[in-house]
**Student:** 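Sharing a structure below in structure tokens format, with a few things to ask.
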Amino acid sequence: MKITEISSVLLQPISWVIVKVKTDEGITGYAECNCVRSADVLRAASGYLGSLVVGRNPFQTEKIQFDLYRATQRQ
């Protein structure tokens, strides 16, 4: 199984970002992020970080989490 698409939507007026993860086997998952003052930033970040996980195995959660953490740190 591979991740094929990451998308997000901003829910107003509560400023929640819903992230949608699709796989090549037709399974879809959702996650929520909320941050009152920076919903637009969260949405942009989910787009950038989502591009880093497309093509990866969604069951490798710890490796993906580590790689995303590393991608957000200064080099």
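Every value quoted in this text rests on a predicted model; they were computed, and no experiment measured them.
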**Student:** Can you tell if the side chain of Ile18 reaches within under 4.5 Å of the side chain of Leu11, non-hydrogen atoms only?
**Tutor:** yes
**Student:** Do any side-chain atoms of residues 59-66 form donor-acceptor pairs under 3.5 angstrom with protein atoms, and if so which ones, sequence neighbours left out?
**Tutor:**
from  : atom 1 : to    : atom 2 : distance (Å)
Lys63 : NZ     : Asp67 : OD2    : 3.4

**Student:** So Ile27 and Met1, do their side chains get closer than 4.5 Å, heavy atoms only?
**Tutor:**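 Met1 reaches Ile27 side chain to side chain.
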**Student:** Just grab all the side-chain hydrogen bond (donor to acceptor under 3.5 Å, both in side chains) pairs involving residues 20-31, residues at least two apart or on different chains.
**Tutor:** none
**Student:** Begin from the C-alpha positions of Val54 and Ile6 and carry the test side-chain contact (heavy atoms from CB on, under 4.5 Å) through to its verdict.
**Tutor:** CA-CA 7 Å; Val54 169; Ile6 304 284; 4.3 Å; yes
**Student:** Apart from Val41 itself, what residues make up its hydrophobic cluster, given side-chain heavy atom links below 4.5 Å?
**Tutor:**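 Hydrophobic cluster check, Val41: no partners found.
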**Student:** Listed by chain and number, what are the side-chain contact (heavy atoms from CB on, under 4.5 Å) partners of Leu10, not counting sequence neighbours?
**Tutor:** Gln12, Val17, Ala39, Asp40, Arg43
